[in-house]
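Predicted model, so just to flag it, every value in this text is computed and none were measured. Note on naming: letters A, B, ... go to the chains in the order of the sequence lines (proteins, then strands), and numbering restarts at 1 for each one.
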Amino acid sequence: MSTFTAPKGIPEYYPPRSADFLAVRDTLADAARRAGYGYIELPLFEDTGLFARGVGESTDVVSKEMYTFADQGGRSITLRPEGTAGVIRSVIEHGLDRGQLPLKLYYSGAFFRYERPQAGRYRQLQQLGVEAIGVDDPALDAEVIAVADEGYRRLGITGHRIELTSLGDADCRPEYRAKLLEFLRGLPLDEPTRQRAELNPLRVLDDKRPEVREMLADAPLMADHLSAASKEHYERVKTHLSDLGVAFTENPWLVRGLDYYTKTTFEFVHDGLGAQSGIGGGGRYDGLMAELGGAELSGIGFGLGLDRTLLACEAEGVTPAGQSRCEVYCVPLGEAARRHLVRVSGDLRKSGTRVEVAYGGKGLKGAMKSADRSGARFALVVGERDLESGTAQLKDLSSGEQRTVALDGAADEVRAALEASP
RNA sequence: GUGGGUGUAGCUCAGGCGGUAGAGCACUGGGUUGUGGUCCCAGGAGUCGCGGGUUCGAAUCCCGUCACUCACCCCA
């Protein structure tokens, strides 16, 4: 065992798996870009107050899961536990909402939560998120959900499902919330759950313990208490999703851990990751912008867990990283041959060909083995006899066929061979 | 914060009635003086998590400790 180990609960990705991880990020980002979302790069840490205010003091995330510390100047700093608060802060700070709306942004990177790690749950997690700000149009809600669905589709996974509900708005939520709280107070709940109910009764609905679920069977649901406007909004989201061909299931028990969500709320779930089945989630937030000192604008967005999405891919046997790392593997025998092949490899790379060279004192047999493992389609071999005749051996690694080509035109021969057999 | 499981080679693991370690994969070399994928042979590689105890002797039994892991709460 080495002297130093990685901090607890942090996944590390290295070859070959890191290629799939990168492909997950790239593919999901591509889906966002194709729908018109522009990239925003944000700090990994913010003023602690931003999350306390934006995410909500009553959430577990803020109350017990934040990495908070004082910097050299005595400021209270927190490693970001989620993405939306930072995006909104930046939008307000730079007046990004003063142009055409909706403002459509996406971000990707690391987030931090101090929790006990388990399968698919890490202290440093990777997310890709999207925010569409300034327009409260149900069609936009549908677009956001469709972007995630499209990303998953492009990755090649099929085992995910979309759970959808509405959390209501400022007109109907308070009334429902009071009703739910009243119901919960009549239940023989344990003390921590009781406290959670007082803080935010909605979150109790998410409890997974069977005995609690049983007690909750007759709980009042938001879906039955939506205002006319909220209901209309929700119905139109569903209609647009159907028009987009995005399948979803309604789950009236769905609640989210972050306080700012209103109206449309959704979660992407996948079986086969272990107990943590959520691979992404999001929703609309009506009051967040104003809460953080901005205009009275609503927004909608999602956060997709890259680590968990990779696990989902692996559970389905999907490998997002398509192309092999190498197309041509150069095998020089001796220093003189190496000099020629290094030159050829440079030539090939300049034209965009993925090429590797056998370095060090590797024997021919060992070099050919490396060629095989590299996934290359061709090996280009140059030895003493080739140098004398100014030739190289171009071998097709799948068929085993080998032919002699001129060393001078080797790069062109390789390019032609790659074109001829795609 | 609570509960279960596991710590032996780079990786996945076997061994475990106490007698100072094994397999497969990977890596290196050879069988093939210049040709990979299959096969055969050989090689390098481990303070058996750490500390203490019992014992002539501990990877094995006992105690402690740390780490990892799964699950609860909660979340991506």
**Message:** Taking 4.0 Å as the cut-off, does a side-chain nitrogen or oxygen of A/K64 come that near to OP1 or OP2 on B/C74?
**Reply:** no
**Prompt:** Is there a donor N/O on one and an acceptor N/O on the other, under 3.5 Å, for the side chain of A/K395 and the base of B/G36?
**Reply:** yes
**Asked** Is the base of B/A71 touched by the side chain of A/Q276 through a donor-acceptor pair closer than 3.5 angstrom?
**Response** no
**Asked** Angle class for the A/Y13/A/F21 ring planes (parallel below 30°, perpendicular above 60°, tilted otherwise)?
**Response** parallel
**Message:** When the C1' atoms of B/G44 and B/G1 are compared, how many Å lie between them, rounded to an integer?
**Reply:** 47 Å
**Request:** Would you kindly compare A/K369 and A/D207 by the position of their nearest RNA chain B nucleotide and give the one closer to the 5′ end?
**Result:** A/K369
**Complete:** Assert: residue with more 5' nearest nucleotide on RNA chain B, out of A/G281 and A/G400, is A/G400
**Prompt:** Looking across every strand, which nucleic acid part, if any, lies under 4.0 Å from A/R113 by heavy atom: base, sugar-phosphate, or nothing?
**Reply:** base
**Asked** Which one is paired to B/C74, where only Watson-Crick or G-U wobble pairs with both distances under 3.5 angstrom count?
**Response** none
**Prompt:** Which part of the nucleic acid does A/T309 contact within heavy-atom distance under 4.0 Å: base, sugar-phosphate only, or nothing?
**Reply:** nothing
**Item:** Euclidean distance, atom CZ of residue A/R256 to atom C1' of B/A76 [Å, nearest integer]
**Value:** 8 Å
**Short side-chain N/O contact from A/R116 to OP1 or OP2 of B/G3, under 4.0 Å** = no
**Message:** Need one value for A/Y329: base, sugar-phosphate or nothing, where a base atom within 4.0 Å counts as base even if backbone is also close, heavy atoms only.
**Reply:** nothing
**Message:** Test your reading of the model: is there a side-chain donor-acceptor pair from A/T265 to the backbone of A/K263, 3.5 Å cut-off?
**Reply:** yes
**Strand partner of B/C27, provided both Watson-Crick or wobble distances fall under 3.5 Å** = B/G43
**Prompt:** A/A119 near the nucleic acid: base, sugar-phosphate alone, or nothing, with a heavy-atom cut-off under 4.0 Å?
**Reply:** sugar-phosphate
**Mate of B/C13 where both pairing distances stay under 3.5 Å, Watson-Crick or G-U** = B/G22
**Counter-base of B/G64, judged by Watson-Crick or G-U geometry with both distances under 3.5 Å** = B/C50
**Message:** Tell me the interatomic distance from A/L380, atom CG, to B/G34, atom P, rounded to whole angstroms.
**Reply:** 18 Å
**Message:** Heavy atoms only, 4.0 Å cut-off, all strands: where does A/I279 land among base, sugar-phosphate and nothing?
**Reply:** sugar-phosphate
**Prompt:** If you look at every strand shown and take non-hydrogen atoms under 4.0 Å, does A/Q126 touch a base, only sugar-phosphate, or nothing?
**Reply:** nothing
**Prompt:** At under 4.0 Å, does any side-chain N or O of A/R373 touch on OP1 or OP2 of B/C27?
**Reply:** yes
**Message:** Need one value for A/G280: base, sugar-phosphate or nothing, where a base atom within 4.0 Å counts as base even if backbone is also close, heavy atoms only.
**Reply:** sugar-phosphate
**Message:** Is the distance between the ring centroids of A/Y106 and A/Y37 under 6.0 Å?
**Reply:** no
**Item:** Pairing partner (Watson-Crick or G-U wobble, both distances under 3.5 angstrom) of B/G57
**Value:** none
**Asked** Are A/S298 and A/R284 close enough that a side-chain donor and a side-chain acceptor fall under 3.5 Å?
**Response** yes
**Asked** Checking all strands, does A/R385 fall into the base, sugar-phosphate, or nothing category for heavy-atom contacts under 4.0 angstrom?
**Response** base
